[in-house]
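Below you'll find the structure, written out as structure tokens, and then a few comments.
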Amino acid sequence: MRRAVSLLAKGAVVLGLWAAMAVQAVEVRFERVAEGVYAFIGEMGARTAANEGLNANLGLVVTPAGAVLIDSGATFEGARQIHDAVRRVTAQPVRWVINTGGQDHRWLGNGYFRSQGAELIAHAAGEADLRNRGHDQLQALRGVLGPKADGTVPTLPSRWIRGRDERLELGGVAFELKHGGGAHTPGDMLVWLPAQRVLFSGDVVYVDRMLGVLPVSHTGHWLETFAVIEALDPGVIVPGHGSVTNLATARADTQAYLRALRDHMKKAVADMTDIGAAIKGFDAAPFMRLLNAADLHPGNASRTYLELERE
Ligand SMILES: [Zn+2]
């Protein structure tokens, strides 16, 4: 009898822990980067139920006329938690949400913020990508998150940025939105705060972990977009993934890899080396220190080869 009670008690503890984990989920916490400027640094591994698909960084800029959120998270529920985290920083309403790219965790939380009255802003070059992949991305997320993805509806921006360089202002704070032709996704857009010299790079910069070349990526334009960052010479870079960083680290962890991969594949295509031999012949050793490299490098290499074959 006593044994049965203690087993029951253990069972209750385990159930309780499980319930606590299920309820707690990801903890969104914005850290100060500069005066009025904050970043949430997401986990660097894969999407999991525990991180709610929020394995990416977000930004927050507080102005006297309202708050600006940079990227809306992967789900309706995740966005609600992001909003809670915003409220711990400021009482200002979220006036704008800027989506820096077409990956799920950059924009699938849009529906929640629209319901809160925010204006949703993204680059028009990414519109087709958002339309094409929104539902598939949500299906894939459902597979990982289950009911935690409930309530999420892919919601397109209400305001499209069309130029390569557009300046917006809210509460006296300038936001320069820059598009370099598409990088990790076609709509990848830099958010530059000239007064603070802070850059939110979105997925144009990955540090600490290996970047991902997707079928919708363009490594050539990616490097051109990177050159835009170099010209800005930012004081601080909040990358799409990895810790708050600087230009030197961004060069080492993103630009050097993309350059080496493109140079190698360009030569392989010109020499008519087949794709298998071209991938084997690339010296990935200098980049295997980056997290997720073993998983992501083979796909990156083959997609870069295919891109150069088309050029
Ligand atoms: Zn990403």
Please report the closest heavy-atom contact between G242 and M44, naming both atoms and the distance. CA-SD, 3.7 Å

Is it true that E307 and R310 make a salt bridge, defined as a side-chain N closer than 4.0 Å to a carboxylate O? no

Apply ring-ring contact (aromatic ring centres under 6.0 Å, His included) to residues Y206 and H184 and explain how you reach the verdict. CA-CA 10 Å; Y206 287 59; H184 178 62; 5.6 Å; yes

Is there a path from Y257 to L247 through hydrophobic residues (I, L, V, M, F, W, Y) whose side chains come within less than 4.5 Å of each other? yes

Same cluster for V198 and I237 if Ile/Leu/Val/Met/Phe/Trp/Tyr side chains link at under 4.5 Å? no

Could you give me the CA-CA distance, side-chain angles and deciding distance for I279 and M265, then say whether side chain to side chain contact (heavy atoms under 4.5 Å, CB included) is met? CA-CA 8 Å; I279 293 170; M265 294 306 175; 4.2 Å; yes

Can you name the nearest heavy-atom pair linking E169 to W96, along with the distance? O-CH2, 3.6 Å

Applying salt bridge (charged side-chain N to carboxylate O under 4.0 Å, His left out) as the test, list every pair that has at least one member in residues 193-219; sequence neighbours left out. R106-D203

Verdict with supporting geometry, K267 and D271, salt bridge (charged side-chain N to carboxylate O under 4.0 Å, His left out): CA-CA 6 Å; K267 185 169 186 313; D271 294 348; 2.8 Å; yes

Does a sphere of radius 6.0 Å around CE in M288 hold more than 12 heavy atoms from other residues, nucleotides or ligands, not counting ones at 6.0 Å or beyond? yes

To the nearest 0.5 Å, tell me how far D253 CG sits from L258 CG. 11.0 Å

Rounded to the nearest 0.5 Å, what separation is found between the CD1 atom of I70 and the CG atom of L190? 11.0 Å

What's the shortest heavy-atom distance between A183 and D188, and which atoms? CB-OD2, 3.5 Å

Pair E52 + R47, salt bridge at N-O below 4.0 Å: no

Would you compute the distance between atom CZ of F76 and atom CZ of R114 and round it to the nearest 0.5 angstrom? 11.0 Å

F287-H297 aromatic ring centre distance below 6.0 Å: no

So that I can tick it off, tell me whether R87 and D84 are bridged by a salt bridge, with the cut-off set at under 4.0 angstrom between side-chain N and carboxylate O. yes

Does atom CZ (R159) have a neighbourhood of more than 12 heavy atoms from anything else shown, all under 6.0 Å? yes

Measure the spacing between CG of N110 and CG of L120 and express it to the nearest 0.5 Å. 4.5 Å

Okay, side chain of S115, backbone of Y112: is any donor-acceptor separation there less than 3.5 Å? yes

Do NZ/NE/NH1/NH2 and the carboxylate oxygens of D104 and R133 come within less than 4.0 Å? no

So that I know where these two stand, are W160 and H123 an aromatic pair - ring centroids less than 6.0 Å apart? no

Salt bridge (charged side-chain N to carboxylate O under 4.0 Å, His left out), that's the test. Do K178 and E176 meet it? Break it down for me. CA-CA 6 Å; K178 295 171 188 291; E176 292 181 9; 3.3 Å; yes

Check for me whether the distance between the ring centres of W192 and F175 falls short of 6.0 Å. no

Closest non-hydrogen atom pair, F30 against L69: CZ-CD1, 3.9 Å

May I have the step-by-step check of side chain to side chain contact (heavy atoms under 4.5 Å, CB included) for I161 and H179, ending in yes or no? CA-CA 9 Å; I161 301 299; H179 185 261; over 6 Å; no

What distance do I98 atom CD1 and I121 atom CD1 have between them, rounded to the nearest 0.5 Å? 5.0 Å

Under 4.5 Å between side-chain heavy atoms, counting indirect links through other Ile/Leu/Val/Met/Phe/Trp/Tyr residues: same cluster for L306 and W222 or not? yes

Nearest heavy-atom neighbours spanning V244 and V33: CG2-CG2, 4.4 Å

Might you work through the side chain to side chain contact (heavy atoms under 4.5 Å, CB included) test for H241 and H105, ending with a clear yes or no? CA-CA 11 Å; H241 298 271; H105 41 223; 3.8 Å; yes

To the nearest 0.5 Å, how far apart are CG in L130 and CG in N99? 7.0 Å

Please name the pair of heavy atoms, one in L108 and one in A74, separated by the smallest distance, quoted to 0.1 Å. CB-O, 3.0 Å

Is the shortest side-chain N to carboxylate O distance from R262 to E311 below 4.0 Å? yes

With hydrophobic residues grouped by side-chain heavy-atom distances under 4.5 Å, do V61 and V89 end up in a single group? no

Going by the rule side chain to side chain contact (heavy atoms under 4.5 Å, CB included), which residues pair with H221 if we only count those two or more places apart in sequence or in a different chain? H218, E224

